[in-house]
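Per chain, numbering begins at 1; letters A, B, ... match sequence-line order.
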2 protein chains.
Amino acid sequence: MYQFKGKEYPCCTSLTMGIIGGKWKTVILFHLIDGTLRYNELRKEMPSVTERTLSLQLKTLEEDGIIKRKVYTSKPPLKVAYSLTDFGKTLIPIVKSIADWGVMVVEEKEGMVV
Amino acid sequence: MYQFKGKEYPCCTSLTMGIIGGKWKTVILFHLIDGTLRYNELRKEMPSVTERTLSLQLKTLEEDGIIKRKVYTSKPPLKVAYSLTDFGKTLIPIVKSIADWGVMVVEEKEGMVV
DNA sequence: CAGTATCCCATACGATACTG
DNA sequence: CAGTATCGTATGGGATACTG
């Protein structure tokens, strides 16, 4: 049994998946690999996610210490930038291999890019 | 937009996560890395999963071509063995790095093994 | 600009009993 | 032994409107 941030996991893979699992978290991390992005820049990279879900996933990733949120203005219009923490950067090899495997599948299997 | 097995994904990472995502699939794959396991052997490795859920996840992995199911007896008691396909074996590096990252977290961060 | 608030739904997952 | 069947629940995520 593994524990992290108050949650219990039955397997070491479960712990990792508890942090990067779900429909959108690896997509967010994938886009943050190359550097800092603002909220609306992330939205442009992933137009099919809703504002609510993106906001929730960013908050969860921040609570888990994977990304950091920096606010540059005190009054609207706000400027907020998201980037990987040092801890989050340790996930880059995993995220990249997950991305590469997806690309491999569409290139070598019956998958396709529309 | 990426497509595989009739499903659409907005990102190359989404495609991979669509196949190995969820609460149990990486746990199953992790235990199958070392070779073939029977249904009850898998259950012993993951005692907290229900029969129904394990059965559903195995079926999904089989449909996606990740694992193969071999039946050795025609009448009860049945003997069924699960193992990775060649396609599924291409996921081993990802599953291992997911497992390793979980171990790293409990060793170097506030996580713990109970 | 960068989010919340509110409401709703689909689906993943769990518990338990049963069967070829 | 290796599952299904049935039922119930939890939560992840969607749609849309609104706000500091």
Side-chain angles (χ1 to χ4, degrees), chain A residues 5-11 13-14 17-29 31-32 36-64 67-83, chain B residues 5-11 13-14 17-29 31-32 36-64 67-83:
Chain A
K5 300 253 178 189
K7 289 179 196 164
E8 298 198 334
Y9 303 97
C11 175
T13 64
S14 307
M17 294 302 282
I19 290 175
I20 67 168
K23 191 169 174 179
W24 296 108
K25 286 196 211 152
T26 57
V27 184
I28 294 171
L29 297 178
H31 289 302
L32 288 179
T36 298
L37 286 180
R38 295 181 62 178
Y39 180 80
N40 267 4
E41 291 174 331
L42 270 172
R43 290 222 65 208
K44 274 171 206 160
E45 298 282 0
M46 13 192 323
S48 54
V49 69
T50 63
E51 296 181 350
R52 173 195 135 95
T53 297
L54 178 57
S55 181
L56 286 174
Q57 302 307 313
L58 287 169
K59 194 172 293 179
T60 304
L61 287 169
E62 190 189 359
E63 287 168 359
D64 284 337
I67 64 174
K68 51 178 180 265
R69 176 181 182 273
K70 188 165 182 185
V71 186
Y72 288 94
T73 53
S74 54
K75 297 226 171 184
L78 291 185
K79 178 177 176 181
V80 178
Y82 291 93
S83 58
Chain B
K5 301 254 179 190
K7 291 180 194 164
E8 298 198 333
Y9 303 96
C11 174
T13 64
S14 306
M17 294 302 282
I19 290 175
I20 68 168
K23 191 168 173 179
W24 295 109
K25 286 195 210 152
T26 58
V27 184
I28 294 170
L29 297 178
H31 290 303
L32 289 180
T36 298
L37 286 180
R38 296 182 61 179
Y39 180 80
N40 267 3
E41 291 174 330
L42 270 173
R43 290 223 63 207
K44 274 170 204 158
E45 299 281 0
M46 13 191 326
S48 55
V49 71
T50 63
E51 295 180 351
R52 175 194 135 93
T53 297
L54 178 57
S55 182
L56 286 174
Q57 302 307 312
L58 288 169
K59 194 171 296 180
T60 305
L61 286 169
E62 191 190 357
E63 287 169 0
D64 285 337
I67 64 175
K68 52 177 178 266
R69 176 181 182 274
K70 188 165 183 186
V71 186
Y72 288 93
T73 53
S74 55
K75 295 224 170 185
L78 291 186
K79 178 177 176 180
V80 178
Y82 291 93
S83 58

Is a side-chain donor or acceptor of B/Glu41 paired with a backbone partner of B/Arg38 at a separation under 3.5 angstrom?
yes
Mind checking if A/Arg38 touches a base, just sugar-phosphate, or nothing, with heavy atoms under 4.0 Å?
sugar-phosphate
Step-by-step side chain to side chain contact (heavy atoms under 4.5 Å, CB included) determination, B/Tyr72 to B/Val80
CA-CA 6 Å; B/Tyr72 288 93; B/Val80 178; over 6 Å; no
A/Thr53 side-chain N/O to A/Val49 backbone N/O, donor-acceptor pair under 3.5 Å:
no
Using whole Å, what does the distance between atom C1' of nucleotide D/dG12 and atom CG of A/Leu58 come to?
15 Å
Just to be sure I understand the rule, does B/Lys59 reach a base, reach only the sugar-phosphate, or reach nothing, if contact means heavy atoms closer than 4.0 Å?
sugar-phosphate
Take A/Arg52 and A/Lys79, find for each the nucleotide of DNA chain C with the closest heavy atom, and name the residue whose nucleotide sits nearer the 5' end.
A/Lys79
Rounding to 10°, can you tell me the angle the first-five-pair axis of the helix from C/dC1-D/dG20 to C/dG20-D/dC1 makes with its last-five-pair axis?
60°
With heavy atoms under 4.0 Å as the rule, sort B/Tyr82 into base, sugar-phosphate or nothing.
sugar-phosphate
Check the distance between D/dG13's C1' and B/Tyr9's OH and give it to me in whole angstrom.
16 Å
Are side-chain heavy atoms of A/Leu54 and A/Tyr39 found at a separation under 4.5 Å?
yes
Which is it for A/Leu32 and A/Ser83 under the side chain to side chain contact (heavy atoms under 4.5 Å, CB included) test, yes or no, and what are the steps along the way?
CA-CA 6 Å; A/Leu32 288 179; A/Ser83 58; 5.6 Å; no
B/Glu63 side chain vs B/Thr60 backbone, donor-acceptor pair below 3.5 Å:
no
Step by step, would you call A/Ser48 with A/Trp24 a side chain to side chain contact (heavy atoms under 4.5 Å, CB included)?
CA-CA 10 Å; A/Ser48 54; A/Trp24 296 108; 3.3 Å; yes
Here the distance between atom C1' of D/dA5 and atom CG of B/Leu54, to the nearest Å, is 17 Å
Boundaries of the DNA chain C segment in contact with chain B, non-hydrogen, under 4.0 Å:
C/dC13 to C/dG20
For the pair made of NZ in A/Lys7 and C1' in D/dA10, what is the distance, rounded to whole Å?
14 Å
Atom CD1 of A/Ile28 and atom P of D/dG12: how far apart are they, to the nearest Å?
14 Å
Side chain B/Thr73, main chain B/Lys79, donor-acceptor under 3.5 Å
yes
Set of residues satisfying salt bridge (charged side-chain N to carboxylate O under 4.0 Å, His left out) with respect to A/Arg43, sequence neighbours excluded:
A/Glu51
Of A/Pro77 and A/Ser55, whose closest DNA chain C nucleotide lies nearer the 5' terminus?
A/Pro77
Applying a 4.0 Å non-hydrogen cut-off, can you work out what B/Gln57 is touching in the nucleic acid: base, sugar-phosphate, or nothing?
sugar-phosphate
